[in-house]
S.K.: 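Before I ask anything, let me first share the structure, which is written out below as structure tokens.
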Amino acid sequence: MYDPGPSRTVAFADVDVSSFEGVVEGVTSLEPLVLSLLILGVAALVLGVWWLIRWFRRPPGARLRRVLAGYDDVSVLMHPNPDPDAMACAMGIATIADSVDTETTLQYPGEIRHQENRAFRTVLGLDLESVESSSELTSDAVVLVDHNTPRGFTGAQTVEPIAVVDHHPGNGTGTKFTDVRTEYGAAATIVTEYVRELGATTEDEENGDDGTLTLTPELATGLLYGIQADTNHLTNGCSSAEFDAASYLFDAIDEDLLERIANPQVSDDVLQIKATAITEKRVEGPFAICDVGTISNVDAIPQAADELMHLEGVTAVVVYGESDGTIHLSGRSRDDRVHMGETLRHAVSDIPMANAGGHARMGGGQLSVDHMRGIGPSDGIDKAEFEERLFSALSGER
């Protein structure tokens with residue numbers, strides 16, 4: 001049988017409790033006022049620590065809403081020629097701003113030409129304003145959505161956004177709020193999380209006038225389609241967040257609105273450019289490249305690239321065409337060896353005034369025809385040499 005020995009008993013017996021008694025006597029001997037102040041000070045300290053923890057652990061949606069609440073009006077600025085993802089984000093930010101009585105104007109540079117983008121705007125009844133210069137922005141407080149650096153209008157470099165919500169790579173930030181998640185497939189996923197974090201209710205649920213957000217069928221449909229459009233219907237470049245967001249939105253969408261956006265009529269010039277890409281493509285191994293020539297609708301180029309991706313045996317494509325002295329590039333990849341954004345960036349890296357980039361699965365870019373032909377410090381290249389560059393970049397040789 002185990003014998004604990006006398007030492008354990010002696011240890012307890014030898015404890016000097018006089019020190020504890022002294023502490024108790026010291027506290028109880030304090031003046032009641034001093035004791036009360038001491039208790040209040042400790043309580044205030046505990047409350048302050050608790051408040052700081054809650055402050056720093058606030059979800060991003062709550063932090064953005066607090067920033068928006070500090071302004072009477074803001075301009076929600078989309079990137080040039082906005083797509084459904086950008087427009088859906090703008091809708092979501094406007095809804096959050098409205099919950100704190102901040103007025104919003106949804107603005108964009110460029111044009112809305114792609115039939116899918118036009119349908120999105122028309123079907124959902126969006127009130128969007130076009131801008132050509134920074135002086136046309138309706139507010140000094142600007143929120144960027146689906147891009148993180150202002151571009152596409154005169155004076156863009158002077159704009160300092162108060163907030164940025166994006167999923168594209170880049171160094172742009174907001175002065176008060178920045179949320180850039182490059183691992184996400186769509187910026188609309190981020191905004192959907194904001195709406196969810198802020199406890200949005202549907203139109204069928206009770207909704208008081210206490211600043212609660214309402215997830216309308218139009219907003220739910222817009223956010224869901226924005227996610228679908230940027231992830232090729234949840235098949236390309238997705239994270240688990242896209243599926244979670246789609247599941248959350250599904251019960252609130254309007255299926256008729258969704259069908260009308262997803263199946264717009266296609267113009268003749270878009271069909272012609274797609275046909276050119278299919279018939280004039282140049283294929284080397286698993287890669288396809290096509291020059292669709294001079295075009296009037298640059299939005300047809302990414303659609304033609306999507307079309308070429310259906311070709312059996314082709315894992316990466318680049319389609320390019322010329323409009324108003326600028327060559328527009330669009331690339332798609334389902335090849336793990338080809339990061340399309342980096343591929344296009346490498347292909348144009350030494351051409352003055354050219355820019356290109358994007359994600360692993362899709363990318364785009366623009367370059368001046370004059371600069372490609374030799375204006376500036378380069379010697380210039382023709383289109384045949386440019387295509388060789390593209391094939392080399394796709395193969396990882398450049």
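All residue numbers refer to positions in the sequence shown, counting from 1.
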S.K.: Can you tell me how far OG1 of T189 sits from OH of Y248, rounded to the nearest 0.5 angstrom?
M.R.: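 Separation between the atoms: 13.5 Å.
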S.K.: Work out which heavy atom in G172 is nearest to a heavy atom in V180; give both atom names and the distance.
M.R.: O-CG2, 4.5 Å
S.K.: Take atom CD of E183 as the centre, draw a 6.0 Å sphere, and report whether it contains more than 12 heavy atoms from other residues, nucleotides or ligands.
M.R.: yes
S.K.: Inspect the surroundings of CD in E385 and state if more than 12 heavy atoms from other residues, nucleotides or ligands are less than 6.0 Å away.
M.R.: yes
S.K.: Checking E242 side chain against S239 main chain: does a donor-acceptor pair fall under 3.5 Å?
M.R.: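 Answer holds: yes.
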S.K.: Give me the atom names and distance for the closest heavy-atom approach of I327 to M372.
M.R.: CD1-CE, 3.6 Å
S.K.: Could you tell me the separation between the NZ atom of K383 and the CD1 atom of I289, rounded to the nearest 0.5 Å?
M.R.: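 Between atom NZ of K383 and atom CD1 of I289 there are 13.5 Å.
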S.K.: Take E193 and R181 through the salt bridge (charged side-chain N to carboxylate O under 4.0 Å, His left out) test and state the conclusion after the steps.
M.R.: CA-CA 12 Å; E193 291 187 4; R181 310 184 198 180; 2.7 Å; yes
S.K.: Could you go step by step and tell me if Y320 and E387 meet the side chain to side chain contact (heavy atoms under 4.5 Å, CB included) rule?
M.R.: CA-CA 10 Å; Y320 68 96; E387 288 193 6; 2.8 Å; yes
S.K.: When you look at R361 and D230, which way does the salt bridge (charged side-chain N to carboxylate O under 4.0 Å, His left out) test go after all the steps?
M.R.: CA-CA 11 Å; R361 299 305 185 190; D230 256 32; over 6 Å; no
S.K.: Is it the case that the side chain of S139 and the backbone of A141 share a donor-acceptor pair, with hydrogens and angles ignored and the cut-off at 3.5 Å?
M.R.: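 Such a contact is found between S139 side chain and A141 backbone.
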S.K.: Quick check against the 3.5 Å criterion: does H167 have a side-chain atom that pairs as donor or acceptor with the backbone of Y184?
M.R.: yes
S.K.: Using a 4.5 Å cut-off on heavy atoms from C-beta on, say whether the side chain of V74 contacts that of I162.
M.R.: yes
S.K.: So do the side chains of L329 and L367 get within less than 4.5 Å of each other, counting heavy atoms only?
M.R.: yes
S.K.: My understanding is that only one of L128, N81, L126 makes a side chain to side chain contact (heavy atoms under 4.5 Å, CB included) with I112; could you say which?
M.R.: L128
S.K.: Strictly distance-based, threshold 3.5 Å: is any side-chain N or O of S395 a donor or acceptor partner for the main-chain N or O of E397?
M.R.: no
S.K.: How many angstroms lie between atom CG of D85 and atom CG of D166, to the nearest 0.5 angstrom?
M.R.: 8.5 Å
S.K.: Evaluate side-chain hydrogen bond (donor to acceptor under 3.5 Å, both in side chains) for D140 paired with Y71, printing each intermediate quantity in order.
M.R.: CA-CA 10 Å; D140 292 333; Y71 298 89; over 6 Å; no
S.K.: Any chance you could measure M362, atom CE, to M309, atom CE, to the nearest 0.5 Å?
M.R.: 9.5 Å
S.K.: Determine whether D146 and H79 satisfy the following criterion, side-chain hydrogen bond (donor to acceptor under 3.5 Å, both in side chains), listing intermediate values before the conclusion.
M.R.: CA-CA 7 Å; D146 202 28; H79 56 67; 3.0 Å; yes
S.K.: Please examine the side chains of T192 and L249, heavy atoms only from C-beta on, and report whether any two atoms are closer than 4.5 Å.
M.R.: yes
S.K.: Does a donor on one side chain and an acceptor on the other come within less than 3.5 Å for H114 and Q303?
M.R.: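 Judged by distance alone, the side chains do pair up.
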S.K.: R58 pairs by side chain to side chain contact (heavy atoms under 4.5 Å, CB included) with which of R65, E197, R63?
M.R.: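 For R58, the side chain to side chain contact (heavy atoms under 4.5 Å, CB included) test succeeds with only one of R65, E197, R63, which is R63.
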S.K.: Keeping the roles fixed (side chain from E136, backbone from E132), state whether a donor-acceptor pair exists under 3.5 Å.
M.R.: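 Side chain of E136 to backbone of E132, a donor-acceptor pair under 3.5 Å: yes, one is there.
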S.K.: Kindly indicate whether the side chain of L344, heavy atoms from C-beta on, has any atom under 4.5 Å from the side chain of L390.
M.R.: yes
S.K.: Could you tell me whether D382 atom CG has more than 12 heavy atoms of other residues or ligands within 6.0 Å of it?
M.R.: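 Check passes, neighbour count above 12.
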S.K.: Below 4.5 Å, heavy atoms only, C-beta onward: do L308 and V314 meet side chain to side chain?
M.R.: no
S.K.: Within the structure provided, determine whether R260 and F120 are in side-chain contact (heavy-atom separation under 4.5 Å).
M.R.: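 No, too far: nothing below the 4.5 Å cut-off.
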S.K.: Salt bridge (charged side-chain N to carboxylate O under 4.0 Å, His left out), that's the test. Do D291 and K281 meet it? Break it down for me.
M.R.: CA-CA 8 Å; D291 173 13; K281 65 188 179 296; over 6 Å; no
S.K.: For side chain to side chain contact (heavy atoms under 4.5 Å, CB included), just list the numbers for L77 and V143, CA-CA rounded to whole Å, side-chain angles, deciding distance to a tenth of an Å, and then say yes or no.
M.R.: CA-CA 6 Å; L77 184 62; V143 178; over 6 Å; no
S.K.: Are the side chain of T221 and the backbone of E218 linked by a donor-acceptor contact shorter than 3.5 Å?
M.R.: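 No: the side chain of T221 does not pair with the backbone of E218.
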S.K.: Working note: Y194 + L64, criterion side chain to side chain contact (heavy atoms under 4.5 Å, CB included); need CA distance, chi angles, decisive distance, verdict.
M.R.: CA-CA 9 Å; Y194 295 165; L64 176 60; 3.7 Å; yes
S.K.: Ignoring hydrogens and geometry, is there a side-chain-to-backbone donor-acceptor pair from S247 to F243 under 3.5 Å?
M.R.: no
S.K.: Counting only heavy atoms not in E259 (residues, nucleotides, ligands), do more than 12 fall under 6.0 Å from its CD?
M.R.: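 More than 12 within 6.0 Å, yes.
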S.K.: Can you measure from NE2 (H168) to OG1 (T149) and round to the nearest 0.5 angstrom?
M.R.: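 Between atom NE2 of H168 and atom OG1 of T149 there are 11.5 Å.
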S.K.: For the pair Y225 and E116, evaluate side-chain hydrogen bond (donor to acceptor under 3.5 Å, both in side chains) and give the outcome as yes or no after the intermediate values.
M.R.: CA-CA 10 Å; Y225 195 79; E116 176 189 56; 2.5 Å; yes
S.K.: Determine, step by step, whether Q107 and S75 satisfy the side-chain hydrogen bond (donor to acceptor under 3.5 Å, both in side chains) criterion, reporting the C-alpha distance in whole Å, the side-chain angles of both residues, the deciding distance to 0.1 Å, and the verdict.
M.R.: CA-CA 7 Å; Q107 298 186 284; S75 168; 2.7 Å; yes
S.K.: Does this structure show an ion pair linking D269 with K274, if we count only N-O contacts that are shorter than 4.0 Å?
M.R.: no
S.K.: Side chains of T138 and T105: is there a donor and an acceptor less than 3.5 Å apart?
M.R.: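 Distance-only check passes for T138 and T105.
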S.K.: Where is the tightest heavy-atom contact between S99 and I96, given as atom of each residue plus distance?
M.R.: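 Minimum heavy-atom separation between S99 and I96: OG-O, 2.5 Å.
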S.K.: Short question: side chain of H339, backbone of R337 - any donor-acceptor pair under 3.5 Å?
M.R.: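 Checked: no pair found.
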S.K.: Q228 vs L258, test: side chain to side chain contact (heavy atoms under 4.5 Å, CB included). Steps then yes/no.
M.R.: CA-CA 11 Å; Q228 289 183 327; L258 189 64; 4.0 Å; yes
S.K.: Is there side-chain contact between L394 and M340, with at least one heavy-atom pair below 4.5 Å?
M.R.: yes
S.K.: Could you tell me if N236 and T231 have a donor-acceptor pair between their side chains, going purely by distance under 3.5 Å?
M.R.: no
S.K.: Looking only at heavy atoms, what is the nearest atom pair of A86 and V145, with distance?
M.R.: O-CG2, 3.8 Å
S.K.: Using modelled atom types only, decide if a donor and an acceptor are shared between the side chain of S330 and the backbone of A305 within a distance under 3.5 Å.
M.R.: no
S.K.: Are S135 and S133 close enough that a side-chain donor and a side-chain acceptor fall under 3.5 Å?
M.R.: yes
S.K.: Applying salt bridge (charged side-chain N to carboxylate O under 4.0 Å, His left out), run through E284 and R282 and close with a yes or a no.
M.R.: CA-CA 7 Å; E284 290 188 7; R282 178 183 168 190; 2.9 Å; yes
S.K.: Please tell me if the side chains of V318 and F391 come closer than 4.5 Å, counting only heavy atoms from C-beta onward.
M.R.: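 No, every pair of side-chain atoms sits at 4.5 Å or beyond.
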S.K.: Distance from I190 atom CD1 to C89 atom SG, nearest 0.5 Å?
M.R.: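 Spacing of CD1 (I190) from SG (C89) equals 7.0 Å.
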S.K.: For the backbone of M91 and the side chain of T95, can you confirm whether one donor and one acceptor N or O come within less than 3.5 Å of each other?
M.R.: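 A pair under 3.5 Å: yes.
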